[in-house]
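Worksheet: the structure to be examined is printed underneath.
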Amino acid sequence: MAASDFNVKYVAHLARIQLSPEEEQKLGTQLGHILGFMEKLNALEVSHVEPTAHAVPTVNVTRADETRPSLPHDEAMRNAPKQANGLFIVPKIVE
Amino acid sequence: MLNQLTIAELTAKLARREVSAREATQACLDQIARVDGKIHAFISHDATDALAQADAADRAMASGATHAQQPLLGVPIAVKDVLAVKNQPLNCGSKILGQFISPYDATAVEKMKAAGAIVFGRLNMDEFAMGSSTENSAFGLTRNPWDLTRIPGGSSGGSAAAVAADEAIATLGTDTGGSIRQPAALCGCVGLKPTYGRVSRYGLVAFASSLDQIGPFTKDVQDCATMLNVIGGHDLRDSTSVAQPVPDYTTGLTGNIKGLRLGLPKEYMIGGLDPEVKAAVDAAVKQLQSLGARVEEISLPHTEYAAATYYIIAPAEASANLARFDGIRYGARVDGADPLELYSRTRGAGFGPEVKRRIILGTYVLSSGYHDAYYVRAQKVRTLIRQDFLKAFERVDAIVTPTTPTAAFKIGEKSGDPLQMYLSDVFTISCNLAGICGVSLPCGFTKSPKLPIGLQLLGKPFGEETMLQLAHAYEQSTNWHQEKPAIPN
């Protein structure tokens with residue numbers, strides 16, 4: 001672990017969040033402190049411990065492959081910020 | 001005043017036709033009009049719709065519907081702004097959802113409606129349930145009904161404050177690291193986090209999917225059991241809900257706890273614990289002993305690692321879950337020349353500071369080169385924390401601790417220091433990491449100012465019956481749950 005090389009600008013880019021220069025500065029300092037606190041976990045020897053992703057172990061939950069009612073198209077589109085002809089409008093992706 | 005009644009008291013009066021659902025609902029609406037300008041538990045509420053639901057409940061009772069069939073028939077219950085209620089707004093305390101209106105009901109909401117409840121109002125919360133004080137809401141902060149200069153706890157601060165201030169008969173909240181139990185403690189009500197998988201998460205906007213659970217806020221333990229009876233159970237729409245039968249959680253509430261074994265974890269009684277909180281919890285443990293419980297000291301040795309573990313796992317899951325808020329399919333959008341610019345502008349403008357902090361933290365701990373060092377290591381420590389509890393539960397039926405290290409703190413006291421705020425959850429987060437159940441109930445007050453203190457009971461996985469049995473026996477042998485805040489007019 002190396003909190004010192006934490007680059008807030010780069011990680012914010014990965015997270016697709018635009019930050020102002022002030023936010024970058026503030027978040028960088030705060031997250032540095034928080035990551036420093038996480039170093040605590042290095043004190044534990046965990047090489048032989050299995051990770052827990054879910055507290056209640058469940059494996060391959062499946063259901064019968066049957067058609068069931070789902071949200072009508074217009075209901076699903078109801079909260080779209082921009083739409084036309086039942087489709088979401090987005091900026092041009094391919095030239 | 002009808003709004004002050006418990007579910008049990010109100011349904012008894014409704015069944016005897018002493019009062020109508022409309023009168024009970026109107027009493028809650030009147031209380032909101034009287035006090036919510038100061039407390040701000042609600043982001044919004046639709047009085048006309050609430051009264052229409054009340055009239056429907058009155059008509060149902062007139063045509064023979066009973067509380068045996070519908071245990072919440074005619075009971076006004078408000079919900080946290082993170083649960084979908086069909087045709088009502090859903091904002092998660094955030095700007096990013098814009099004018100979102102839910103197209104469907106969450107399963108817990110659907111079950112409450114089927115049980116006859118009047119589901120109304122959107123309760124304030126920390127944005128996306130990230131916080132411990134309800135100061136991180138885009139809709140303004142909520143105040144503690146016991147002291148308007150203090151926070152109600154969080155993230156379900158609105159849900160706790162609304163019950164404490166008698167603005168609803170009961171409410172629903174969610175708990176990812178203490179977000180039900182901590183505000184319940186600080187506002188002096190009962191708050192339950194069910195075992196992971198007990199309540200379907202369908203229609204709950206996900207924060208950290210392996211930790212989130214929906215649970216009730218109520219005025220006493222019996223109501224809490226009644227609510228769990230209604231909302232618990234397996235749901236095909238949530239693959240993480242567990243197909244365990246739902247017992248009647250009220251039948252075990254006999255007051256008899258003789259011979260039940262209670263564990264007192266020594267790691268919870270150390271530094272940072274306020275002396276008045278410690279004294280109240282010590283007295284509660286003695287009281288439980290005098291009721292016949294056997295108390296023994298236990299050890300949960302990895303307790304000190306829980307906060308660091310939680311603040312890696314929860315933000316990691318959040319960074320993935322909140323990727324869906326990108327301005328494309330729903331919510332607010334800030335346009336850009338290409339999709340990337342649109343995403344980052346929308347998310348930069350739409351998310352508040354704490355949400356940004358946690359998404360960036362979560363993105364970092366999952367990023368290439370750091371994933372194993374942070375995220376996988378935290379998942380391994382999570383295993384150790386869970387094993388601590390499972391080992392302890394071989395010896396005891398439940399664990400008793402303070403819910404919070406201190407009573408409600410002042411507005412603004414911790415909002416500038418995220419790490420200090422994170423550490424206020426130190427007694428509640430292990431429960432979510434281990435996936436067990438927990439409940440907070442009133443166990444006393446600080447002297448000056450008079451602020452509620454919460455007792456936390458932690459139960460085995462799917463051990464809600466025994467945990468609530470203990471909570472109920474303690475509660476009924478004290479008067480703490482009957483105290484009401486004096487809210488200035």
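All of these numbers come straight from a predicted model, not from anything done at the bench. Letters A, B, ... mirror the listed sequences (proteins, then strands); counts begin at 1.
Per-residue heavy-atom pair counts under 4.5 Å with chain A were compared for B:Gly348, B:Ser344, B:Gly362, and the maximum is reached by B:Ser344. Between chain A and the residues B:Gly197, B:Pro418, B:Ala349, the most heavy-atom pairs under 4.5 angstrom are made by B:Pro418. Ranked by heavy-atom pairs under 4.5 Å with chain A, the first of B:Ala332, B:Ala378, B:Gly331 is B:Gly331. Heavy-atom pairs under 4.5 Å with chain A were tallied for B:Leu384, B:Val376, B:Val242, B:Leu433; the largest tally goes to B:Leu384. The choice from B:Pro339, B:Ser367, B:Gly350 that makes the most heavy-atom pairs within less than 4.5 Å of chain A is B:Pro339.
Within 6.0 Å of CD on A:Glu75 lie more than 12 heavy atoms contributed by other residues, nucleotides or ligands. Summarising the local packing, NE2 of A:His33 is surrounded by 12 or fewer heavy atoms from other residues, nucleotides or ligands at distances under 6.0 Å. When the shell of 6.0 Å around OH of A:Tyr10 is examined, it contains 12 or fewer heavy atoms from other residues, nucleotides or ligands.
Looking at B:Thr383, its side chain does come within 3.5 Å of a backbone N or O of A:Glu50 through a donor-acceptor pair. With hydrogens and angles ignored, the 3.5 Å screen pairs no side-chain donor or acceptor of A:Asn79 with any backbone N or O of B:Ser102. Here the side chain of B:Arg382 pairs a donor or acceptor atom with the backbone of A:Ala53 at under 3.5 angstrom.
Neither the backbone nor the side chain of B:Tyr375 comes within less than 4.5 Å of any heavy atom in chain A. Heavy atoms of B:Asp372 lying under 4.5 Å from chain A are absent altogether. In this structure, the portions of B:Glu304 lying under 4.5 Å from any heavy atom of chain A include both its backbone and its side chain. With a threshold of 4.5 angstrom between heavy atoms, B:Asp238 does not approach chain A through any atom at all. Interface remark: A:Phe88 contributes side-chain atoms only to the contact with chain B (heavy atom separation under 4.5 Å). For B:Leu390, no part lies near chain A; criterion is any non-hydrogen pair under 4.5 Å. Of the atoms belonging to A:Leu44, heavy atoms from both backbone and side chain fall under 4.5 Å from chain B. With a 4.5 Å cut-off on non-hydrogen atoms, A:Arg78 touches chain B through its side chain but not through its backbone. Contacts between B:Ala307 and chain A at a heavy-atom distance below 4.5 Å involve backbone atoms as well as side-chain atoms. With a 4.5 Å cut-off on non-hydrogen atoms, A:Ser47 touches chain B through its backbone but not through its side chain. Contacts between B:Leu236 and chain A at a heavy-atom distance below 4.5 Å involve the side chain alone, from C-beta outward.
With contacts defined as side-chain heavy-atom distances shorter than 4.5 Å, the pair B:Val365/A:Met38 does not qualify. Residues B:Val334 and A:Gln18 are not in side-chain contact: their nearest non-hydrogen atoms beyond the backbone lie 4.5 Å or more apart. The shortest distance between side-chain heavy atoms of B:Thr240 and A:Val61 does not fall below 4.5 Å. Looking at heavy atoms from C-beta onward, B:Thr309 lies in side-chain contact with A:Leu41 at the 4.5 angstrom threshold.
Within the model, atoms CD1 of A:Ile93 and CG of B:Leu340 stand 10.0 Å from one another, a figure rounded to the nearest 0.5 Å. With values rounded to the nearest 0.5 angstrom, A:Gln83 atom CD is found 14.0 Å from B:Arg329 atom CZ. Annotation: the span from A:His54 atom NE2 to B:Ser209 atom OG amounts to 7.0 Å, rounded to 0.5 Å. To the nearest 0.5 Å, atom CD1 of residue A:Ile17 and atom CD1 of residue B:Ile360 are 5.0 Å apart. Distance check: B:Ile359 CD1 to A:Leu27 CG gives 11.0 Å after rounding to the nearest 0.5 Å. A:Asn7 CG to B:Tyr364 OH: the interatomic distance, rounded to the nearest 0.5 Å, is 9.5 Å.
Here the closest non-hydrogen pair linking A:Lys40 and B:Tyr305 is O-CE2, 3.7 Å. Minimum interatomic distance between A:Pro91 and B:Ala337 (heavy atoms only, all atoms of both residues): CB-O, 3.9 Å. Taking all atoms of both residues into account, the shortest heavy-atom contact from A:Ala55 to B:Gly435 is CB-CA, 3.5 Å. Closest approach of B:Lys380 to A:Val49, counting heavy atoms only: CE-O, 3.2 Å. In this structure, A:Val46 and B:Arg377 approach most closely via the heavy-atom pair CG2-NH1, 3.8 Å.
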Inset, instruction - Begin from the C-alpha positions of A:Leu35 and B:Leu361 and carry the test side chain to side chain contact (heavy atoms under 4.5 Å, CB included) through to its verdict. - result: CA-CA 8 Å; A:Leu35 287 166; B:Leu361 179 59; 3.7 Å; yes
